[in-house]
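From a predicted model like this one, the values you see are computed outputs, not experimental measurements.
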Amino acid sequence: MKPSVKRKFGRVDLEATAFAFGTAPIGNFLKPISEAESHAMIETAWDAGVRFYDTAPMYGHGLAELRTGHYLRWKPRDEYVVASKVGRLLKPAKRETIDFTPWADAAPFTMQFDYSYDGAMRSFEDSLQRLGLERIDVCFIHDIDRFTRGDAQPEVFEAAMDGCWKALEKAT
């Protein structure tokens with residue numbers, strides 16, 4: 001399989017490369033990486049023909065979105081696809097008060113789940129600002145699964161459908 005081969009994405013009028021660059025590592029997942037290493041990772045993917053970038057506010061408490069947007073901002077916008085997620089809001093806080101686990105040297109924000117309509121809209125807009133882009137092509141609702149939410153999963157899923165889903169439906 002060639003990373004640069006594009007395929008239809010879902011049931012919408014969107015094509016994405018068969019390979020995606022998942023940005024959790026550039027959010028300093030498990031260990032810190034430098035800005036130069038982050039840039040080199042994204043550039044290697046770009047040079048290989050990858051044009052689908054999957055990120056989230058959770059990854060490095062916003063750091064992955066910041067780094068992804070920094071790299072992509074001068075690339076022709078119609079040449080790549082960006083996916084992010086809603087379901088968490090980031091709030092600025094003093095570094096010494098934040099539990100960054102499993103992230104290392106992440107951005108100075110705490111995370112809180114918020115599956116409300118207003119929370120989803122805020123999360124979406126905040127992601128656009130961190131990315132420095134005018135649009136996000138694909139937006140997922142993050143962590144409404146049983147693994148993450150345990151026995152509360154049915155209630156969380158219902159809240160996400162009442163809040164996030166309605167917000168995302170309006171945003172498209």
Side-chain angles (χ1 to χ4, degrees), residues 1-7 9 14-114 119-145 147-148 168 171:
M1 182 183 301
K2 287 186 169 188
S4 59
V5 172
K6 290 189 175 183
R7 297 198 169 132
F9 189 90
L14 179 68
E15 286 190 338
T17 53
F19 280 38
F21 181 83
T23 67
I26 66 170
N28 289 350
F29 183 64
L30 301 178
K31 66 177 190 170
I33 63 167
S34 69
E35 295 297 323
E37 289 173 299
S38 169
H39 182 89
M41 290 169 71
I42 301 173
E43 190 164 64
T44 298
W46 183 273
D47 290 346
V50 174
R51 297 294 185 272
F52 184 12
Y53 298 86
D54 179 68
T55 194
M58 176 190 175
Y59 303 163
H61 296 236
L63 182 61
E65 286 183 325
L66 290 164
R67 286 174 162 175
T68 301
H70 182 76
Y71 181 84
L72 294 175
R73 77 174 146 186
W74 300 118
K75 300 291 185 190
R77 185 58 188 92
D78 289 335
E79 289 187 16
Y80 60 89
V81 172
V82 172
S84 194
K85 298 160 188 81
V86 295
R88 281 190 176 86
L89 290 177
L90 303 181
K91 305 282 183 184
K94 293 181 179 182
R95 287 186 178 278
E96 61 270 12
T97 67
I98 303 169
D99 176 9
F100 288 113
T101 308
W103 313 98
D105 295 338
F109 300 100
T110 60
M111 290 189 284
Q112 66 184 45
F113 286 107
D114 189 334
M121 294 301 277
R122 172 76 186 267
S123 177
F124 185 80
E125 291 168 0
D126 288 352
S127 287
L128 284 172
Q129 289 183 26
R130 280 187 295 274
L131 287 162
L133 300 174
E134 72 276 9
R135 73 176 189 269
I136 294 170
D137 303 292
V138 178
C139 194
F140 297 106
I141 302 173
H142 210 184
D143 292 335
I144 56 174
D145 56 277
F147 177 80
T148 304
L168 292 176

[atom1] of [X] to [atom2] of [Y]: how many Å apart, nearest 0.5 Å?
{"X": "Lys94", "Y": "Thr110", "atom1": "NZ", "atom2": "OG1", "result": "13.5 Å"}
{"X": "His39", "Y": "Thr44", "atom1": "NE2", "atom2": "OG1", "result": "9.0 Å"}
{"X": "Arg130", "Y": "Ser84", "atom1": "CZ", "atom2": "OG", "result": "7.5 Å"}
{"X": "Phe124", "Y": "Leu168", "atom1": "CZ", "atom2": "CG", "result": "7.5 Å"}
{"X": "Leu72", "Y": "Glu79", "atom1": "CG", "atom2": "CD", "result": "11.0 Å"}
{"X": "Met41", "Y": "Arg67", "atom1": "CE", "atom2": "CZ", "result": "9.5 Å"}

Run Lys75 and Arg51 through side-chain contact (heavy atoms from CB on, under 4.5 Å) and show every step you take.
CA-CA 10 Å; Lys75 300 291 185 190; Arg51 297 294 185 272; over 6 Å; no
Evaluate side-chain contact (heavy atoms from CB on, under 4.5 Å) for Phe29 paired with Trp103, printing each intermediate quantity in order.
CA-CA 5 Å; Phe29 183 64; Trp103 313 98; 3.4 Å; yes
Regarding [X] and [Y], does a basic nitrogen lie under 4.0 Å from an acidic carboxylate oxygen?
{"X": "Lys6", "Y": "Glu15", "result": "no"}
{"X": "Asp105", "Y": "Arg95", "result": "no"}
{"X": "Asp126", "Y": "Lys91", "result": "no"}

Taking all heavy atoms of [X] and all of [Y], pick out the closest pair and write down the distance.
{"X": "Ala24", "Y": "Tyr59", "answer": "N-CD1, 3.7 Å"}
{"X": "Thr17", "Y": "Pro3", "answer": "CB-O, 3.2 Å"}
{"X": "Thr68", "Y": "Ile26", "answer": "OG1-CD1, 3.5 Å"}
{"X": "Phe140", "Y": "Ala83", "answer": "CE1-CB, 4.0 Å"}
{"X": "Ala16", "Y": "Phe9", "answer": "CB-CD1, 4.2 Å"}
{"X": "His61", "Y": "Met111", "answer": "NE2-CE, 3.5 Å"}

Checking side chain to side chain contact (heavy atoms under 4.5 Å, CB included) between Arg122 and each of Leu90, Asp114, Leu89, which is the one that passes?
Leu89
Is Arg135 atom CZ crowded by more than 12 heavy atoms from other residues, nucleotides or ligands, each under 6.0 Å away?
yes
Please examine the side chains of [Y] and [X], heavy atoms only from C-beta on, and report whether any two atoms are closer than 4.5 Å.
{"X": "Arg88", "Y": "Ser123", "answer": "no"}
{"X": "Val82", "Y": "Glu65", "answer": "no"}
{"X": "Pro25", "Y": "Ile33", "answer": "no"}
{"X": "Phe113", "Y": "His142", "answer": "no"}

Name the orientation class of the two ring planes belonging to Tyr53 and Phe21 (parallel below 30°, tilted from 30 to 60°, perpendicular beyond 60°).
tilted
Decide side-chain contact (heavy atoms from CB on, under 4.5 Å) for Asp54 and Thr23; before the verdict, give the C-alpha distance in whole Å, the side-chain angles of both, and the deciding distance to 0.1 Å.
CA-CA 6 Å; Asp54 179 68; Thr23 67; 5.9 Å; no
